[in-house]
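The next block holds one structure in the form of structure tokens; read it before the comments.
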Amino acid sequence: MTAIRTRFAPSPTGYMHIGGMRTALFNWLYARRHQGTFILRIDDTDQARNVESALGPILQAFRWLELGWDEGPEVGGDFGPYFQSQRNDLYTAACQKLVEQRLAFYDFTTPDRAKAEREAAEKEKRNYINNRDDFELSAADVRSKIDAGENYVIRFAVPRDSGEKIVIDDEVRGRVEFDPTTMPDPVIMRGNGTPLYNFATVVDDAAMQISHVIRAEEHLSNTPVQALLFDALGYTRPTFAHIPYVAAPGTKEKMSKRKLEQYRKNPKFKMLFEHGDFIFPLLGLKQELGLDPVMVEYYEKIGYLPDAVFNALARIGWSLDDQTEIMSRDTVIKNFSLDRVVKSPAGFDPDKLLSFQSHWMNEVPLSEKATRCLPYLTAAGYLSEREDQVGLEYVEKVITAIGDRLVLFSDILKYDEFFTPDAELKYDEKAFKKRILKNDDAIPLLQDLASGLESSALSTPDEFDKFVHDWVEQKEIQIGQIIHALRVAVTGKGSGVGMFDAMAILGRERCVDRIHRCVKEAANSDSQS
RNA sequence: GGCCCCAUCGUCUAGUCAGGCCUAGGACACCGGAUUUUCAGUCCGAUAACGGGGGUUCAAAUCCCCCUGGGGUCACCA
């Protein structure tokens, strides 16, 4: 059995696309499942500029999801270099070989003419095929044209005379056939000596002994050209597996950064955007950073767990069986197989992602939750760097009270009432109106309760609970008649963590202060209206 | 338009290759009920799908054909 070697070959674009991440994951999974090798190769043939800064976020996404690569940038390997911009000699040599065998030819057709021919074909609703006027040119002719300064490209000559179809036995799609007589001769080299994608990919996949090319479905139409190139170069074709692309929520369309504005209106996507809109400004992350839900970074920044994203990504277009949804890394690795990949486009479902998140969040121990919430609190200015250590215990208390309501790490910012100074506590307008202003009993009851609290020495939730209940009994009212007003007074909000947990966290004194402040605030509102 | 791919609940899917165990299973979302001071959670429950038409067969979600619909791709981008 030959060794399993898979690869993911991103071009340095400055961000990691969530769909690309899913493709990378399947490659990684396949390699891990079969004790194979997962390779990261950088497709930077086009723009060699700023590769480093444009690659950073991509590598970071892999690190964050803990998808280690066995060969590639930073780690090296026996088949390097892993940047296509550094492999030009290989492409040149391979191309030269094809030219010598007359399997490829210099084409001096001007871009303008090629374009005109293509448009003409399109107009006549005919399949376009490039001209082969220069196919017969002798080496000497070619030489003199080049010396004369004529521009050219090198095209691979698609073998159209065999009368045979090009057959791809795809691991996901099954047998797919293409007709070579309808295919134009692809350009494999530009006049400036740089290779084109289809060519560089084949040369590299062969040189790196890639056994399985697992990629998104949009590459299916590239496959016949590449298959032919493998043949012409004398290499064995790898196994191809074209997995469905990741569709935008609720659609069958490929998720694309260009359609971001449209996604904002998508009800399924809306919540995700809104969360970012709420969180990022608090963190001081400017919109100019361009974070959006198409990027993996978005999920990292907003406080998703890598395990949740891993789980969700693995379930896009793949299933273990008819039941299992929640899967650990190990479970996925042990069970991943190409024959359980679906053929139809798989929509990305933010709701499902969130439900995975909430499951995996419950597995995270308290201390880790606190540690990972801390950066959000610090960035939002609730804690200074120095307070981090001191504040950890307090944060743990808050998180305990929040319980399951903490789904994302950034959710901690929704509970700012525990972190904001008493004098700066903001009141939710609706809740304040409903529970305080429109409730005539609220103010006197709160004042009465506050004075009771003042002369007490309560500290635990149970003590607050008993105290308030005893007080309610003595007043001969229902708990519901005070608890809502109390919550607004103490937390500024209409809903939140358990009332007595909240009081215990803040402590008796702060509760009393906040009640007084609330009473004052209500008086102000009254006089204004 | 050419080529290629795809088609089961609102969404993701199981079932299709080896037709019967499918009066189509699960999950998410939604809705209802219970619990609770609120929210969340939890527990119960409900609604909900084989795109259409022809075949083949005792039997079709499953096999064949056609139609329709959706999508991908058609660069001297990757």
Side-chain angles (χ1 to χ4, degrees), chain A residues 9-13 43-47 84 107 109-111 114-115 118 121-128 151-155 168 170 172-174 176-179 182-184 186-192 194 196-198 200-201 216-224 242 244-245 247 249-254 267-268 312 315-326 339-340 342-356 358 362 402-407 431 435 465 468-469 472 478-484 486-488 491 493-500:
Chain A
S11 54
T13 52
D43 270 14
D44 57 348
T45 52
D46 207 32
Q47 65 280 47
Q84 290 192 322
D107 183 352
T109 306
T110 63
K115 197 181 164 199
R118 187 176 304 115
E122 203 165 312
K123 209 171 171 186
E124 292 169 37
K125 299 187 173 177
R126 221 181 49 223
N127 190 240
Y128 164 74
N151 290 323
Y152 66 93
V153 293
I154 300 176
R155 288 184 188 270
I168 310 294
D170 192 278
V172 174
R173 319 246 137 209
V176 183
E177 291 184 358
F178 295 89
D179 181 359
T182 64
M183 290 164 51
V187 174
I188 58 176
M189 277 281 189
R190 299 182 183 94
N192 69 5
T194 57
L196 269 85
Y197 167 75
N198 270 327
T201 297
E217 182 190 346
E218 61 251 40
H219 286 285
L220 191 55
S221 44
N222 284 324
T223 307
H242 288 91
Y245 57 84
T251 75
K252 296 285 179 211
E253 282 175 17
K254 194 167 77 165
K268 287 225 171 216
R315 278 287 294 112
I316 297 180
W318 178 81
S319 64
L320 196 164
D321 54 28
D322 61 340
Q323 302 272 306
T324 316
E325 295 279 342
I326 300 289
D339 56 18
R340 290 197 63 85
V342 299
K343 294 187 177 81
S344 47
F348 169 65
D349 186 349
D351 284 334
K352 202 112 180 185
L353 170 62
L354 196 66
S355 97
F356 283 128
S358 107
N362 280 332
I402 296 174
D404 294 333
R405 298 172 191 81
L406 188 85
V407 178
R435 300 302 188 185
D465 190 329
V468 174
H469 275 96
V472 157
Q478 295 292 308
I479 184 89
Q481 288 174 258
I482 184 62
I483 198 108
H484 302 291
L486 180 59
R487 175 183 295 283
V488 172
T491 70
K493 293 174 185 167
S495 66
V497 307
M499 191 62 244
F500 308 114

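All values below were derived from every heavy atom in this structure, side-chain atoms included, with hydrogens, water molecules and symmetry-related copies excluded. Chain A is the first sequence line, chain B the second, and so forth, proteins listed ahead of strands; every chain is numbered from 1. Computed from a prediction, not measured in an experiment: that's the story for all the values here.
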Watson-Crick/G-U partner (both atom distances under 3.5 Å) of [N]:
N	value
U16(B)	none
C21(B)	none
G69(B)	C6(B)

*Whole-angstrom distance between U8(B) and G1(B), as gauged at atom C1'*: 32 Å
*Using atom C1' of each nucleotide, how far apart are A29(B) and C12(B) to the nearest Å?*
11 Å
Kindly write out the residues that satisfy side chain to side chain donor-acceptor pair (under 3.5 Å) with [X], not counting sequence neighbours, or none if the list is empty.
X	result
R155(A)	D107(A)
T110(A)	none
N151(A)	none
R487(A)	none

If you look at every strand shown and take non-hydrogen atoms under 4.0 Å, does [X] touch a base, only sugar-phosphate, or nothing?
X	value
T491(A)	nothing
E177(A)	sugar-phosphate
V187(A)	sugar-phosphate
F178(A)	sugar-phosphate
S344(A)	sugar-phosphate

_D349(A) side chain, from C-beta outward: closest of C3(B), U11(B), C76(B)_ = U11(B)
*Considering only A78(B), C5(B), G15(B), which nucleotide approaches the side chain of L220(A) most closely?*
C5(B)
Taking side-chain contact (heavy atoms from CB on, under 4.5 Å) as the test, write out the residues that go with [X], two or more places apart.
X	answer
R118(A)	Y128(A)
R435(A)	H484(A), V488(A)
D321(A)	Q323(A), T324(A)
L354(A)	M271(A), Y304(A), V407(A), L408(A)

Under 3.5 Å, which N/O atoms of the protein pair with N/O atoms of nucleotides 18-27 of chain B?
from, atom 1, to, atom 2, distance (Å)
G25(B), N2, D322(A), O, 3.1
G26(B), O2', Q323(A), O, 3.4
G26(B), N2, E325(A), OE2, 2.9
A27(B), O2', K352(A), NZ, 3.4
A27(B), N3, K352(A), NZ, 2.6

_Short side-chain N/O contact to G2(B) OP1/OP2 from T182(A), under 4.0 Å_ = no
Give me, pair by pair, the N or O atoms of the protein and of nucleotides 36-43 of chain B that are less than 3.5 Å apart, along with how far apart they are.
from, atom 1, to, atom 2, distance (Å)
U38(B), O2, R487(A), NH2, 3.4
U38(B), O2, G496(A), N, 3.0
U38(B), O2, G496(A), O, 3.2
U38(B), N3, R487(A), NH2, 3.2
U38(B), N3, G496(A), O, 3.2
C39(B), O2, R405(A), NE, 2.2
C39(B), O2, R405(A), NH2, 3.2
C39(B), O2, G496(A), O, 3.4
C39(B), N3, R405(A), NE, 3.3
C39(B), N3, R405(A), NH2, 2.4
C39(B), N4, R405(A), NH2, 3.4
G41(B), O2', D404(A), OD2, 2.8

*Does H219(A) have any ring-ring contact (aromatic ring centres under 6.0 Å, His included) partners at least two apart in sequence or in another chain, and if so, which?*
Y197(A)
*asked:* Counting primed atoms plus P, OP1 and OP2 as sugar-phosphate and everything else as base, spell out the protein contacts along nucleotides 63-73 of chain B at 4.0 Å heavy-atom distance: B, S or - for each nucleotide, 5' to 3'.
replied: -------SSSS
